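Step one of this worksheet: look at the structure below.
Just so you know, these numbers use all the heavy atoms, side chains as well, and skip hydrogens, waters and symmetry mates. Numbers restart at 1 for each chain; the letters A, B, ... are given by sequence-line order, proteins then strands. Treat the numbers as computed from the prediction; the structure is a model and nothing was measured.
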Amino acid sequence: MSEDIRVLTARLADEPSSLAFLELAEALRRRGQLDAACKVARGGVSRYPGLADAHDLLARVLSDQGDLAGAFDAWSSALQLDPMRAGALKGIGFLYFRAGDVVAALDHLQRAAQADPDDASIPVAIARLRGEVRENGGRHEAPAPSPAPPAATPFEGIEGGEEGFLLVDGGGLRLGGMLRAPSGEDLGDRVAAQLAGVSREAARATRILGLGPWHSIAVESPNGQLILAAPTADTVLLTARDHGIPLARLGLLAERAARAARSWLERVG
Amino acid sequence: MSTVQGVLDRVTRVPGVRGALLVSAGDGLIVAEQLMDGVDGRAAAALTGSLVGRLTRTAQQAGLERPAFVHLRAEAGSVLAAPGPDDLVLVAVVAPDANVGLARLEMIDAAARLS
Amino acid sequence: MSLVNFTAREITCKIVYYGPGRSGKTTNLQYVYGRVPEERRGRMVSLATQTDRTLFFDFLPLELGTISGFTTKFQLYTVPGQSYYNATRKLVLQGADGVVFVADSQARRFDDNLESLQNLQDNLLAQGVDIRQLPVVFQYNKQDLPHDLILSHEEMDDALNFRAVQSFAADALRGGGVFETLRGISEIVLKRLAAGSQVA
Amino acid sequence: MRALEPWVVEPLEVFLAESSARLTLLMTSSGQVVAQHGFSRSLDVMTAAALGAGIVASTEEIARLMGVTRFAGLVHHGERQSCMLSAFGTPRGRWIGLVVFGPETSVGIVQLFFEQMVAQLVSSAPREQAPPPTLAENFESELDASLKALFGRT
């Protein structure tokens, strides 16, 4: 145990009602002792439930631990006590960004910049997010009325992660995934708008030609390949890769992604 | 034998291919056909022409060039399509047990030779 | 064949203006077109030659108003009068609910009138329609011309109107008799429609 | 969409959905409108029907003169819109379809689903004819009043 932590621990033991827990938990967090930091921060929150600093601290620790839902709740509590708390605004902005809601992220960061004009990291983050909005043509889902903790994505753990997969509903709206142009631009929404029509046409063609329901469509282009499948009756999944992966293997990958999408849809829907 | 008939011959010779047609994709009309009984050529031309058109637009939106081959797999068989020059598309309707790999090679090669 | 739409309570009738070339059939439609408020008429379509003769047909859709609770619409057609356009005349005549035979009152056109009336009978018969079973009225046009050039209403009736159906003297260019003629044929067509296949 | 008789509605709706046609008009061979979709003015529909029926009638006449069987259909290709005219037999007599469509669909698709609609119309057409309308006793005076109003006479 390092010297400062020892001192702080002693001070807290001497005077349990002091605010020494704030410094102690922060020192533990910085050293990576997240479980210990969490214990101290929770103790502080239960002793001082009206102290925004305590909630802010707990949120930082939980966020480092990967408990994003917990962090969201703790920062929300901090904001209820102190609506202009820059750290909490930054934290929630970060969580919204992780969830893909750039508009809500920007909103929180702008409030954070107002609350703490001296924090140079905030304008940098805002500039980055604005670039993101421009590239996506400003099409972003409106923030939920009562923000929910970020949900897990459909393609976690599958080769490529979110990128190169696109899950679309029957109305041509994106449910998950991301499709990037070589320039980095996310093409997902534009492609999604086309996919519902493709699915209807494929179903019609195989029905009228007496081939029964359709299973998949493989599209080979000189600079890439696509596989389309229908994980459920009213969704379409697109898997896109370059020619680095053989088409038959891409088919297997698409099947795995379809299974993952199906179980994700069951969980969220 | 004309080039087009020769092309359709080569495709229909692949095991499991029930019919091959040359389709004008924009119109969805048959240019030439060689079909087994029970394959509705007019429907295949109209429906595949339209689907290939939509897939081409989708591929372009996804940053890809014009498709060279499309495989629509269904429960009781597949539709294969190889876009050629001038809005022409070579289409094959195949049984579930067809040799799709061989049909694909023949069709891509044949579609290129149509120009 | 007139069409009756019971769900929308709508009646649509097809009336054909027949007669020799230059007797004034198109003029009848033009006058109607000019007098009827815009919201009650459609576009007047004239498929004419460069010399202004009707090539295929003139067409004017009219919305008459409500009769016995039915919104009543008329489709007025003319046929080309020149004898060499008989093929198109036959086509326009198909499914007519009533015919207005527009005759030229000039004495020198006497034979043209007779020939055209004979042609009407032949063309109807070719479609399995007996002219006696079809609502027909006569209009003797150009009655405004000097008397020594034209036949009178009675003389025209004697020459053409063997069945003594309704007939009207007209000066279509200035609108004389146009309204009365349309009213006459409309009444017979609607009466016949209400009576089923019986001639009114 | 407007249809003269209710049994026409379903086949026409399926056709419209599948073909993506912009305007569709069903008429008798003498140019009387049976059903329509996409036109805004009923009087324009009548004009389109008269012209369409005229084209079909004259084309069939040309076919007869040339000693060939009836043409299956006519397609006019336009830059932005195309138009198909096709005549077919029904238990209610010979009808004509006029379809206007754009580049969002194709003539092949329009023809394919038009044929399906025709088959459906033929099988669902009631065999009995509609009864004649009952006109009121005083319909002549109503007719007179309507015509006078139409001609601006008092």
Side-chain angles (χ1 to χ4, degrees), chain B residues 4 8 18-61 66-67 70 72 74 76-77 79-93 111 114, chain D residues 11-24 37-38 55-56 59 63 68-89 96-123:
Chain B
V4 171
L8 296 181
R18 298 171 56 209
L21 346 75
L22 194 60
V23 170
S24 153
D27 297 333
L29 298 174
I30 301 172
V31 176
E33 61 184 346
Q34 218 172 88
L35 304 169
M36 278 169 63
D37 275 352
V39 180
D40 184 344
R42 293 184 55 198
L47 297 164
T48 313
S50 178
L51 181 65
V52 167
R54 207 182 264 273
L55 286 170
T56 302
R57 288 193 293 279
T58 307
Q60 279 164 352
Q61 293 284 10
R66 186 166 179 249
V70 170
L72 167 60
V79 180
L80 314 177
D86 303 328
D87 194 41
L88 290 175
V89 180
L90 185 57
V91 175
V93 180
L114 285 169
Chain D
L12 182 56
E13 269 175 353
V14 173
F15 168 71
L16 292 169
E18 294 285 5
S19 69
S20 305
R22 294 180 181 178
L23 302 175
T24 301
H37 160 82
I55 292 168
V56 169
T59 310
V68 295
T69 48
R70 276 173 174 150
F71 298 113
L74 281 168
V75 178
H76 295 275
H77 277 286
E79 207 169 302
R80 294 200 184 149
Q81 307 204 98
S82 300
C83 165
M84 185 192 84
L85 267 166
S86 185
F88 54 96
I96 295 164
L98 185 159
V99 184
V100 176
F101 57 97
E104 62 276 8
T105 184
S106 70
V107 59
I109 289 285
V110 168
Q111 283 177 341
L112 179 68
F113 290 102
F114 188 85
E115 280 170 24
Q116 282 194 5
M117 173 180 70
V118 168
Q120 225 189 327
L121 284 173
V122 168
S123 68

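Of all residues in residues 106-119 of chain D, those placing a non-hydrogen atom less than 4.5 angstrom from a non-hydrogen atom of chain B are Ser106(D), Val107(D), Gly108(D), Ile109(D), Gln111(D), Leu112(D), Phe113(D), Glu115(D).
In terms of heavy atoms, Ala87(D) sits closest to Val56(D) at CB-CG1, 3.9 Å. Between Ala44(B) and Val93(B), the shortest heavy-atom contact is CB-CG2, 4.4 Å. Between Ala81(B) and Val89(B), the shortest heavy-atom distance links the atoms CB-CG1, 3.8 Å.
Contact of Ala43(B) with chain D is made through backbone and side chain together, with heavy-atom distances under 4.5 Å.
Annotation: side-chain hydrogen bond (donor to acceptor under 3.5 Å, both in side chains) contacts of Gln60(B) (sequence neighbours excluded): none. For Glu13(D), there are no salt bridge (charged side-chain N to carboxylate O under 4.0 Å, His left out) partners two or more places apart in sequence or in a different chain. Taking the side-chain hydrogen bond (donor to acceptor under 3.5 Å, both in side chains) definition, one finds that Arg54(B) meets it with Glu201(A), sequence neighbours left out.
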